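Heads up, the thing below is written out as structure tokens.
Protein chains get the first letters and strands the later ones, always in sequence-line order, with residue 1 at the start of each. The figures here come from the full heavy-atom set of this structure, side chains too, leaving out hydrogens, waters and symmetry mates. Given the structure is predicted, the values throughout are model-derived calculations rather than measurements.
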Amino acid sequence: MVTRDRDFGLPDEFADDVLDLVDQVPEGMVVTYGDLAEMLGRGGPRSVGRVMSHYGSDVPWWRVIRAGGYPPQGLEDEAVARWREEATPLVGGALGRRVDLKLARWQGPGTP
DNA sequence: GGATTGACCGGAA
DNA sequence: GTTCCGGCCAATC
């Protein structure tokens with residue numbers, strides 16, 4: 001009996017947990033990298049960000065933002081466009097480029 | 001085995 | 001408002 005039954009098949013278990021949580025984020029809401037790390041109970045903001053850059057293609061990555069309410073670098077315009085489509089609360093109105101975490105922050109599964 | 005990197009965080013100047 | 005720094009964790013060279 002080995003400690004890990006999944007030697008291969010999945011790239012890494014950590015990424016699987018991250019993607020699973022991001023996929024549960026409802027429309028009009030967002031979550032920060034640091035919050036995801038805390039929900040998982042391990043890892044850090046950097047680890048989550050790295051996972052997203054490689055495997056985020058299969059999840060609503062635009063709902064994962066930085067602690068300041070800003071979208072990931074390189075995809076700012078893409079994320080803002082998605083938010084306006086999903087009516088995500090933005091600071092300064094619908095023309096804002098920053099998410100209002102005070103209203104749109106997803107607290108975790110079971111609290112949509 | 002160490003050193004570097006990455007879609008980061010928070011605080012200070 | 002911006003810019004700089006140290007800390008954080010996992011994957012990669």
Side-chain angles (χ1 to χ4, degrees):
Chain A
M1 208 69 154
V2 294
T3 51
R4 40 182 171 161
D5 47 330
R6 297 192 267 177
D7 294 308
F8 52 91
L10 288 176
D12 49 294
E13 193 175 298
F14 182 70
D16 189 33
D17 289 340
V18 173
L19 298 174
D20 186 50
L21 267 171
V22 175
D23 190 52
Q24 296 180 47
V25 179
E27 293 184 5
M29 300 200 74
V30 297
V31 58
T32 70
Y33 295 95
D35 284 356
L36 284 174
E38 275 195 35
M39 293 173 191
L40 294 172
R42 59 171 165 196
R46 309 288 311 251
S47 307
V48 176
R50 208 189 62 77
V51 170
M52 293 296 293
S53 66
H54 283 271
Y55 304 97
S57 316
D58 292 318
V59 296
W61 55 263
W62 56 90
R63 293 176 192 158
V64 183
I65 64 177
R66 296 187 270 178
Y70 296 95
Q73 287 186 326
L75 298 172
E76 304 176 351
D77 291 340
E78 286 290 318
V80 172
R82 297 286 187 176
W83 298 341
R84 298 186 73 175
E85 284 185 51
E86 300 183 353
T88 305
L90 301 180
V91 176
L95 299 178
R97 296 185 54 84
R98 171 185 169 204
V99 174
D100 192 343
L101 288 170
K102 189 165 37 192
L103 301 173
R105 192 186 210 180
W106 184 57
Q107 301 180 6
T111 63

Checklist entry - Separation of A:Y55 atom OH from B:dG6 atom P, in whole Å? => result 16 Å

Checklist entry - Rounding to a whole Å, what distance do you find between A:L40:CG and B:dC8:P? => result 17 Å

Item to check | Value in whole Å for how far the P atom of B:dC9 lies from CE of A:M52 | outcome: 12 Å

Checklist entry - Distance between the P atoms of B:dA7 and C:dG7, in whole angstroms? => result 22 Å

Item to check | Atom-pair distance (CG on A:L75; C1' on B:dC8), nearest Å | outcome: 15 Å

Next on the checklist: Of the listed nucleotides (C:dA10, B:dA7, C:dC9), which one gets closest to any side-chain atom of A:R50?
Outcome noted: C:dA10

Next on the checklist: Distance check needed: B:dC9 P versus A:Y70 OH, whole Å only.
Outcome noted: 12 Å

Next on the checklist: C:dC9, OP1 or OP2 - any side-chain N/O from A:S47 closer than 4.0 Å?
Outcome noted: no

Checklist entry - So which nucleotide from B:dA7, B:dG6, B:dC9 ends up closest to the side chain of A:R66? => result B:dC9

Next on the checklist: Rounded to whole Å, how long is the line connecting atom CD of A:E38 with atom C1' of C:dC8?
Outcome noted: 12 Å

Checklist outcome for this item: Closest to the side chain of A:A67, out of B:dA7, B:dC8, B:dG10, is B:dG10

Item to check | Proximal nucleotide (of B:dA7, C:dG1, C:dA11) relative to the A:P72 side chain | outcome: B:dA7

Item to check | Separation of C:dC9 P from A:H54 NE2 (nearest whole Å) | outcome: 20 Å

Next on the checklist: Could you tell me how far apart A:E78 (CD) and B:dA7 (P) are, to the nearest whole angstrom?
Outcome noted: 16 Å

